[in-house]
Structures are given as C-alpha cells and as structure tokens.
Chemist: 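Okay, here's the structure, questions in a sec.
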Protein chains: 2
Amino acid sequence: MLERERHSLILKLVEERSIVSVGDLLDLLGASEATIRRDINTLAERGEVKRIRGGAEAVRPRHQPHLVGMPFSLSQDISVPQKRAIARAAAELITAGESIIINGGTTTFALVEFLADHDLDILTNSFPIAAKLLATSRNRITLPGGTIFREQNIVLSPFDNDTIENFWGNKLFTGCYGLNRFGIMEADPLIVQAQTKLLKRTEDVIVMADSSKLRQKSAMIVTGLERISTIITDDGAKPEELEVFKAAGIKVIVASVNEDDELQKLA
Amino acid sequence: MLERERHSLILKLVEERSIVSVGDLLDLLGASEATIRRDINTLAERGEVKRIRGGAEAVRPRHQPHLVGMPFSLSQDISVPQKRAIARAAAELITAGESIIINGGTTTFALVEFLADHDLDILTNSFPIAAKLLATSRNRITLPGGTIFREQNIVLSPFDNDTIENFWGNKLFTGCYGLNRFGIMEADPLIVQAQTKLLKRTEDVIVMADSSKLRQKSAMIVTGLERISTIITDDGAKPEELEVFKAAGIKVIVASVNEDDELQKLA
DNA sequence: CACGAAACGATCATATACAATCAGATGCGA
DNA sequence: TCGCATCTGATTGTATATGATCGTTTCGTG
C-alpha cells in the first residue's frame, strides 16, 4: 500500500470515527507500527489530524456538526443584535408551563436561546429549532409530521391529518418576510402554507420583525393585521411606521438593541 | 481504550446525566479505579468537569449556544463494529428510488452512514437519524408528527391521525431489544408503541440484530416471526441460534465483522 | 463520639507508547 | 540494469500511562 493510500485512509477513518488508535490502524493498514506513527505525525504536521497519545483524532472537535449549521446558519448571522434583542423581548411574554408554537425562521431561531430555563410545551415546524431546543432545554417538544424541506429546514405535510391538528398553543411566535398595513407577507409559497397551518392552532399571534421588515414587500399575504396581537421590532423602526399597527389595536413592543447588549454584558 | 476516548466518553456522560459516579465509569470504561480517578482529576483541572466526591459533575447546568450537540445515549458506542457490519449488509438490500422506513435505535442509526449516496424516500421516527440524514445525504426525509421523547430520541404521537398513515414503505428497518422464537421483543413500552405503528406501514420487515440480541429476552413481544422477512446479524451468532428463524422461512444474513474491515481497507 | 465503609492520594512495578537509529526493501531515474 | 533516494520495519532505550497496593481522609451510622 502506498503512503498516499494510507494517509487518505487514515483521514477517512479519523473523519468517520473522530478518533482512531494506532492498534486499529495496525490491522486495517497492514503496515508496521513505526510507519503508522510516521504517517500520523506527518498528517499532524500538516494539521490534517491531531496527534494524541495512542492514535489520532479529528481536528474538528468531537461534537455532532450535523444539527445546526447548514444553509440555515448563514442567514442566521444577519442582523444578529436586532434579532437577539427581539428574541429577548419575546421570551418575556412567555409564562412558565405555557404551550407555545414557534414558526421556523432565523428570527424565531434566536428565541430558542432564551427558552433554556423554561418549562414549556412547544410545537415547532422548524427542524433546527427543534434540534437546538432538544439539546439546550428541558422543554417538551412536538413536531408536526411531514417531509423536511431542505431549503427552509421546515417540516411540512401535504396532508391535513396531522399531529398539528391536536395541538393548541397559547401563543404563536413567527417571523415574516415583510410586515405592513396588509399584514404578514411571505415570499415562499411553502412558508405561506406552513404558517397558515400554524395560525389555525393558536389565539395570540406574535410577530417578530426587525425594523427592515417594515419596509419589505412581497406578493403573498399570509394574514391580515386583524389576526396579529403583538408585534416586536427593534429601535431602528421609525415611530410613524408603527402607527398603522397601533391603530389596528396591535400591541407594539420596541426592543432596544443597546439595552440588550448591556444585559448581555452583565450576564 | 485510549485516554482521549475515555475523556470524551466521561464528558459525554457528564453532559447527559449531569453527574456520574466512579462506579458507573468503572463498568463503562473498563478501566481501573485509579485511572478513572486520574481522568476525572485531569478533566477537573482543565475545568471541563467538576470533581465531586465519588464521581464527577457537570461544570454548569446547561446552555451552550453554539455547541449544539445531540443528547446521544451512551449505547451508541457499544459494539460498533458489529453494528457497522450489519448496517453495511442492510444497505445492500436497498435499491435506488425506493421508499423505506427506519425505526429509531442505535443499530439503525449506523445504517445512515451507508445511505449517503442513495436517492430514497425515507420515513423515520428517530430525530438523530433524521438529523444525520439531513446533513449527510440527499434523500427525502419524512417525520411522523408527535412529541420528541428525549430518552429514546424518537418522535411519537399519542394520536393516530398522523402523517405516518399516509406513508408506505417497501421495507422497514428496525433494531430490537431481543430477538428469538417469539419474535421481536422490546423492553420499553414507548418503543413498542412506535414500532407497532411502523409495522403497519410496510410489507417487508428487516430486523437488524447483533448476535447478543439473540440471547436477550424481555417481557413485551412486538410482533411474531411470521411478520419478519429478513434478519441481519453478525458472525458472533451460533448456527443453531439461527435455525429457528430459517425454519420460519425468514431469510437470515450473517454480516462478517472482519470482512467489513477488509472492505474498509480497500475503500 | 466512635466505628466501619467507602473514597482518596501516593507510591511502585509493570505495561504500553514513543522517538531515534539503522539495516534492508522499494521505488525511481539515468 | 545500476545506483541513489526514499520508505519501511525491527530494535533499542526512554517516557508515559496503567493497575495494584497501602495508608489516610471523609462520610454516614449507630
């Protein structure tokens, strides 16, 4: 076996198992101990594996990278301070033991962070949100049945006979593509469908929309203002932009980004 | 077992249970008491766990925003070579474009690895399996609706009006707690329930059971032998143990563990 | 308070992993 | 085919890890 072959096999094994011992490689490669050590050292010098006593380890830490951090994580980073501030304000609306619904989206994803210590019944159609909730909180998590749509990372069923029909949430937290006098607007028909389903299973609709969303328009109206009970936005919103919502009887909460940072500092 | 393996296993356990005793680790790591103490002390010095009398404790309650890992159960690391060999054999039964069902479990989890290049319709009640499939393959993934049960990491609905009712799989892949002349046995009523639901949605039942399962008994029979079409086990199984299955008209596949390594070598 | 049991740290002999060295094997170019 | 360069495997001595033992400390119980 060539040196090259051994190297790529070692890398593959390390990738797969995240840790391999010299002993394992001894059998697998059929090479001598000395050679294997040399191989590992070479790979370690190149930074392709980490040398540890008795074998080699993956450079990437041993955590499961496959849960959060897909196409999702990219947009997750946009306007993070705003989203965090809004999420923090949203979390304050939640009382212990409540049952809530969280619609998928990057803004609502930020909410998860503030739900760690709660004891809630949560329904979400977002796979990443469910994954993070599962890992970082003790809440009870329910998923609707259906196919996972990769682009949006949401679970959606083409059928109506769904677990979702047996759930009732006190509050629905949702993001949006755009928010204006027509109501909640979305750009993706799939998301419209998912959101529409959730809207039927709750009373209070809480829209989390950073101020940029107030200037965003699209073709599809998910629901009108009359269905919305609360809007949470950030202090980038101009007072006149919020008038239309207040006039419609909606409670408008403006989350201060800097204040959020202050709290962050103290924590 | 390497020092590093022990360390990460300890960390994982501490993460999962938030406290572990030296005694627990004694069995699980197969190392001496002295070594385990040393390991814990080392980890404690690094601040990764908190040393307490009799064992180790999680350094902080929870909540690590970016380190989102699954609360994987420990059993995932048990008899890995057998499970891999069985999984490899199982994957060979699958043809492109097929629609299959994967029941949750650590043995079936191993199957995911071999499904990367397939183009399948997959229904699974296992959250980790869905997560890994989502990240490592292009298969279409469907989840049944329901609540996520943390211990077993499966999605299960108390209701029957479920997405699952709209799915039909050519094959069902399932593990088991025990497998003998009575059929598939399970120890957890929740798993019985989940498995029973899946059994209704397929024709071919393929049981993946490492040889230790053939000597395992339990109180609950999920289904009798007549429902099983194929059994895949490893070469640790004695021929006479397999007779009863063959007599029942079941196809029995024995996956060679070493052969698996051979294939590994060539890859 | 006294007692026994369990957990602990220190110590030591042994086992294992390691780097260095060198001779032989192998690959490669002339 | 030869000769050079490189790679490989065996050997050696050294460093480190491990497991058993033992005396000490801590904890719980009567």
Side-chain angles (χ1 to χ4, degrees), chain A residues 1-62, chain B residues 1-61 74-81 257-258 261-267:
Chain A
M1 182 179 294
L2 264 47
E3 185 176 14
R4 222 23 177 310
E5 291 181 89
R6 289 198 312 272
H7 284 188
S8 60
L9 195 45
I10 291 173
L11 284 175
K12 192 177 164 196
L13 281 166
V14 165
E15 178 80 11
E16 254 176 48
R17 309 189 189 176
S18 73
I19 196 168
V20 282
S21 70
V22 174
D24 290 348
L25 294 170
L26 208 65
D27 299 334
L28 248 43
L29 303 187
S32 78
E33 218 174 293
T35 302
I36 290 170
R37 277 187 225 292
R38 271 190 284 256
D39 284 343
I40 295 180
N41 288 340
T42 308
L43 291 170
E45 275 172 34
R46 289 194 215 143
E48 308 203 52
V49 300
K50 209 166 120 195
R51 184 73 167 105
I52 57 171
R53 189 182 172 81
E57 194 187 34
V59 176
R60 192 170 33 159
R62 198 193 150 69
Chain B
M1 182 176 294
L2 265 47
E3 183 178 19
R4 203 40 169 284
E5 289 183 279
R6 289 198 313 270
H7 285 184
S8 51
L9 208 52
I10 291 173
L11 285 175
K12 197 195 263 185
L13 277 166
V14 166
E15 177 85 9
E16 216 178 273
R17 310 188 189 174
S18 73
I19 190 167
V20 283
S21 72
V22 174
D24 291 347
L25 294 170
L26 208 64
D27 298 334
L28 287 157
L29 304 186
S32 77
E33 216 173 296
T35 301
I36 289 170
R37 276 187 226 292
R38 271 190 284 254
D39 284 342
I40 296 180
N41 288 341
T42 308
L43 291 171
E45 275 172 34
R46 291 194 214 142
E48 308 203 52
V49 300
K50 206 167 120 196
R51 185 73 167 103
I52 55 172
R53 190 180 172 79
E57 196 185 34
V59 62
R60 62 188 130 180
L74 176 75
S75 61
Q76 193 173 343
D77 296 326
I78 301 176
S79 52
V80 172
V257 175
N258 291 331
D261 282 345
E262 290 303 317
L263 289 168
Q264 190 65 19
K265 206 187 290 180
L266 297 173

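Lettering follows sequence order; numbering is per chain, from 1.
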Chemist: Atom CZ of Arg53(A) to atom C1' of dA17(D): distance rounded to whole Å?
Modeler: 6 Å
Chemist: Rounded to the Å, how far apart are Asp24(A) CG and dA17(C) C1'?
Modeler: 15 Å
Chemist: To the nearest Å, how far apart are Arg38(B) CZ and dA15(C) C1'?
Modeler: 13 Å
Chemist: Tell me the closest heavy-atom pair linking Ile10(B) and Leu43(B), and the distance in Å.
Modeler: CG2-CD1, 3.8 Å
Chemist: Return the minimal non-hydrogen interatomic distance between Leu25(A) and Val20(A), and the atom names on each side.
Modeler: CD1-CG2, 4.1 Å
Chemist: Which nucleotide, dA20(D), dC18(C), dC8(C), lies nearest any side-chain atom of Val22(B)?
Modeler: dC8(C)
Chemist: Using every non-hydrogen atom in the two residues, find where Asn41(B) and Arg51(B) come nearest and quote the distance to one decimal.
Modeler: OD1-NE, 2.8 Å
Chemist: Answer with base, sugar-phosphate or nothing: what part of the nucleic acid does Glu33(B) contact at a heavy-atom distance below 4.0 Å?
Modeler: nothing
Chemist: If you look at every strand shown and take non-hydrogen atoms under 4.0 Å, does Leu2(A) touch a base, only sugar-phosphate, or nothing?
Modeler: nothing
Chemist: Rounded to the Å, how far apart are Leu26(A) CG and dT8(D) P?
Modeler: 14 Å
Chemist: Salt bridge or not for Arg4(B) and Glu57(A), using N-O below 4.0 Å?
Modeler: yes
Chemist: Just how far, in rounded Å, is C1' of dA10(D) from CZ of Arg37(A)?
Modeler: 13 Å
Chemist: Over how many whole Å does the gap from Arg6(B) atom CZ to dG19(D) atom P extend?
Modeler: 7 Å
Chemist: Can you find a side chain N or O atom of Thr35(B) that sits less than 4.0 Å from OP1 or OP2 on dT18(D)?
Modeler: no
Chemist: Arg4(A) has an atom CZ; how far is it from atom C1' of dT6(D), in whole Å?
Modeler: 15 Å
Chemist: Whole angstrom is fine here: how far is it from CG in Asn41(B) over to P in dA10(C)?
Modeler: 9 Å
